[in-house]
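Comments concern the structure below.
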Amino acid sequence: MKKTVLSHFSFLILTALWLTMPLTGQELPRRPEPMHYVNDTAQVLSEAARERLEARLQALDKNQKAQFVIVTVPDMGGSDIETFSIALAESWGIGHQGKDDGILILLALQERRVRIEVGYGLEPILTDARSKQIIDQAVLPAMKRGDPDQAMENAAAAIEQLLDSAARNPAELDAIDFGVNSDDTANQADDELWGGRLLLYGFWAVVFLILALVILSEKGLLFWSGLVTLSGMLAAAAALEYAFQDSGYGSLYWLSLLFAPGIPLLPYLWLNGKLEANRRERKYLAEFIKSDAQWRPLFKYYQKAAVKAERERLLTAARQLTDRQTAIAKISALNKEIKARIKHPEQFFSPRSDLELIKGIEKLNASGVLKNGLYRKESRREAAEWINGEADYFKAQGANVLDTEQRRRLAETVEQIAELLKEPLKRLQIDTEWVLRRIRSFIESSPRWKGWESAYTLKSIRATRQEFRDRLKAAETGGASSERAEKLYSFYVNYIQKIEKQPASFLVAKPRSRPVSSSPSSWTTASSGSSSSSSSSWSFGSSSSASFSSTDSFGGGSFGGGGSSGSW
């Protein structure tokens, strides 16, 4: 008698110490209101499983007076599972007061731990050894398969079977087998497991076979890297099976099986891609060097013989890159050489002696001065013939060094081209009849003036058009022919061409109507009167689950450390 009292007293002291010890880094989940039999804070159970378990445990409480609660948590914050489970059971008050018939199953996901915690009143029935047997036979096999629904239903069925046997014939307790192999659940799960594994391994076998056929047709680096890849795929599959044979074939296993054997493929694919890119780069380099469009400007501006010799050298170097496994550095270096000569030819080639003349002629042609009808056709033709003659003369000199007289002549020619470009009237004569026709055609073109009526006032359009008629009349009358030509030229350039480009400089724009901004009275912003409230981070599954009928039955049992733990 004294020994029993001391034993209970020691359990009370131990429980008090456990309750006063702070949980490392994690507070207990808050007791839900109303209380549920299934509290899936880790969200690992399906909705259907929660409802089945809730109904089953509620019936167990009603019929056999054992209060059985299941709790899942994401993690225990560094606490050991025994300390955590006792503190949780005492804090929530699981079990009927005075009977101490509470049972708690705690599932900690991050730590991969499970524990059955038993109240004092049920310790003679649900002993530590039987708790261990239930965990090993009913819970852990399902957890290793990644099926927490089945694990919790197996545990509930085993504990219910144990309590039923205790009520009928306590002598049968030690003969109970809590394994789930008596039905087809485990066999079905194993069949599904092997079926899924065979499907994925079959997929990788096909990939392996295709890759093997490919590398047999390869040579050199790709062949040897392919052999290494095949060996890596086999090693990855073997390592995967070895790593998960003890911990179970959960979701991490399936995810790994889906991707792990393919990881050795990545270096091979990268290498194959690099070699293919090299092949394309070699082809591109050869085509680039052969393209006249890339080298034509160099032939125009620099010594042709030197450019041609360098082009042939680069083309020969590109053709020598015939091996498929040519080092990337060689291709890259040749590519840089070619691009440097195209982008910065002045660093590699000597310019032509008539380079300034060539560029001056290009600027003149781009300006269109010699094609402008403002100037007389005869004067434009004479200027073009003179420029072409100078260009042909200096082109004939080729790579020869110009003497003093030739350099003077070249400088004068370049200067005259620049002057012709800047002030064409000094060299070219105005084509008075052409200018007069253009002015008259513009003023009398009604569709042009009518097209401006949508953006400009009719008054300003009519006034400007009349002003142009008056100015044209003044320019046509009086003075010598040269003075008349200059007036018409000035009128054409300063008025006709300007209004064509910028009509707003002569015409008055119509005032734009300001859009009326209005907000319909039906559009209103409603202010919400609801106040925000912070909810606990612990979620207890569906609100449709049944709960304890009243807090009176939740009297609070006592726990003394009875039960067992396991890990998957």
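Quick note: numbers below take in every heavy atom, side chains included, and nothing from hydrogens, waters or symmetry partners. None of the values given here were measured: they were computed from a predicted structure. Just so you know, residue 1 is the first one in the sequence shown, and it goes up from there.
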Original post:
Under 3.5 Å, side chain of Lys363 to main-chain N/O of Ala418, donor-acceptor pair present?
Top reply: no

Subject >> Test item: Arg341 side-chain N/O and Glu337 main-chain N/O as donor-acceptor pair under 3.5 Å >> reply: yes

Original post:
Ignoring hydrogens and geometry, is there a side-chain-to-backbone donor-acceptor pair from Ser256 to Leu252 under 3.5 Å?
Top reply: yes

**OP:** Can you measure from CZ (Arg407) to OG (Ser353) and round to the nearest 0.5 angstrom?
**Re:** 10.5 Å

**OP:** Please work out which of the three classes, parallel, tilted or perpendicular, describes the rings of Phe468 and Trp449, given edges at 30° and 60°.
**Re:** perpendicular

Subject >> Gln416 and Glu390: CA distance, side-chain angles, deciding distance, side chain to side chain contact (heavy atoms under 4.5 Å, CB included) verdict >> reply: CA-CA 11 Å; Gln416 290 183 45; Glu390 292 297 293; over 6 Å; no

Original post:
Do Glu241 and Tyr201 have side-chain N/O donor and acceptor atoms under 3.5 Å apart?
Top reply: yes

Original post:
CG of Leu357 to CZ of Arg352: how many Å apart, nearest 0.5 Å?
Top reply: 9.5 Å

**OP:** Quick one: do Ile361 and Asn388 satisfy side chain to side chain contact (heavy atoms under 4.5 Å, CB included)? Show the steps, please.
**Re:** CA-CA 9 Å; Ile361 294 174; Asn388 290 333; 5.9 Å; no

Original post:
Within a radius of less than 6.0 Å around CZ of Arg469, do more than 12 heavy atoms belonging to other residues, nucleotides or ligands occur?
Top reply: yes

Original post:
Roughly how far apart are Ile430 CD1 and Leu425 CG, rounded to 0.5 Å?
Top reply: 5.0 Å

Subject >> Atom pair NZ/OG1 of Lys487 and Thr432 - distance to nearest 0.5 Å >> reply: 13.0 Å

Subject >> Step-by-step salt bridge (Lys or Arg N to Asp or Glu O under 4.0 Å) determination, Glu312 to Lys308 >> reply: CA-CA 6 Å; Glu312 289 297 327; Lys308 185 176 181 180; over 6 Å; no

Original post:
Are the side chain of Asn372 and the backbone of Gly368 linked by a donor-acceptor contact shorter than 3.5 Å?
Top reply: no

**OP:** Take Glu405 and Arg409 through the salt bridge (Lys or Arg N to Asp or Glu O under 4.0 Å) test and state the conclusion after the steps.
**Re:** CA-CA 6 Å; Glu405 179 61 26; Arg409 178 177 174 178; over 6 Å; no

Subject >> 4.5 Å side-chain heavy-atom contact, Phe348 and Tyr302 >> reply: no

Subject >> Trp204 and Phe259 aromatic centres sub-6.0 Å >> reply: no

**OP:** State whether the number of non-hydrogen atoms from other residues, nucleotides or ligands found under 6.0 Å of Gln294 atom CD is greater than 12.
**Re:** yes

Original post:
Nearest 0.5 Å, what's the OH-CD distance between Tyr268 and Glu218?
Top reply: 5.0 Å

Original post:
Should Lys473 and Glu476 be marked as a salt bridge (Lys or Arg N to Asp or Glu O under 4.0 Å) after you check the CA-CA gap, both sets of side-chain angles, and the distance that decides it?
Top reply: CA-CA 5 Å; Lys473 185 176 181 181; Glu476 285 183 292; over 6 Å; no

Original post:
Under 4.0 Å between a Lys/Arg side-chain N and an Asp/Glu carboxylate O for Glu310 and Arg313?
Top reply: yes

Original post:
When you look at Arg311 and Asp292, which way does the salt bridge (Lys or Arg N to Asp or Glu O under 4.0 Å) test go after all the steps?
Top reply: CA-CA 10 Å; Arg311 183 184 183 185; Asp292 290 336; 3.0 Å; yes

**OP:** Name all residues meeting the side chain to side chain donor-acceptor pair (under 3.5 Å) criterion together with Gln429; count only those two or more places apart in sequence or in a different chain, and write none if there are none.
**Re:** Arg376

Subject >> Short side-chain donor-acceptor distance under 3.5 Å, Tyr393 and Gln406 >> reply: yes

Subject >> Nearest heavy-atom neighbours spanning Leu257 and Arg197 >> reply: CD2-CA, 4.3 Å

Subject >> Any Tyr492 side-chain heavy atom under 4.5 Å of Gln497 side chain >> reply: yes

Original post:
Do the side chain of Trp434 and the main chain of Tyr375 share a donor and acceptor less than 3.5 angstrom apart?
Top reply: no

Original post:
For Arg465, what residues pass the side chain to side chain donor-acceptor pair (under 3.5 Å) criterion, not counting sequence neighbours?
Top reply: Ser446

Original post:
Which distance, rounded to the nearest 0.5 Å, do you find between the CG of Leu227 and the CG of Leu211?
Top reply: 9.5 Å

Subject >> Min side-chain heavy-atom separation Phe491-Val435 under 4.5 Å >> reply: no

Original post:
So, the side chain of Glu423 versus the backbone of Leu420: is there a donor-acceptor pair under 3.5 Å, distance only?
Top reply: no

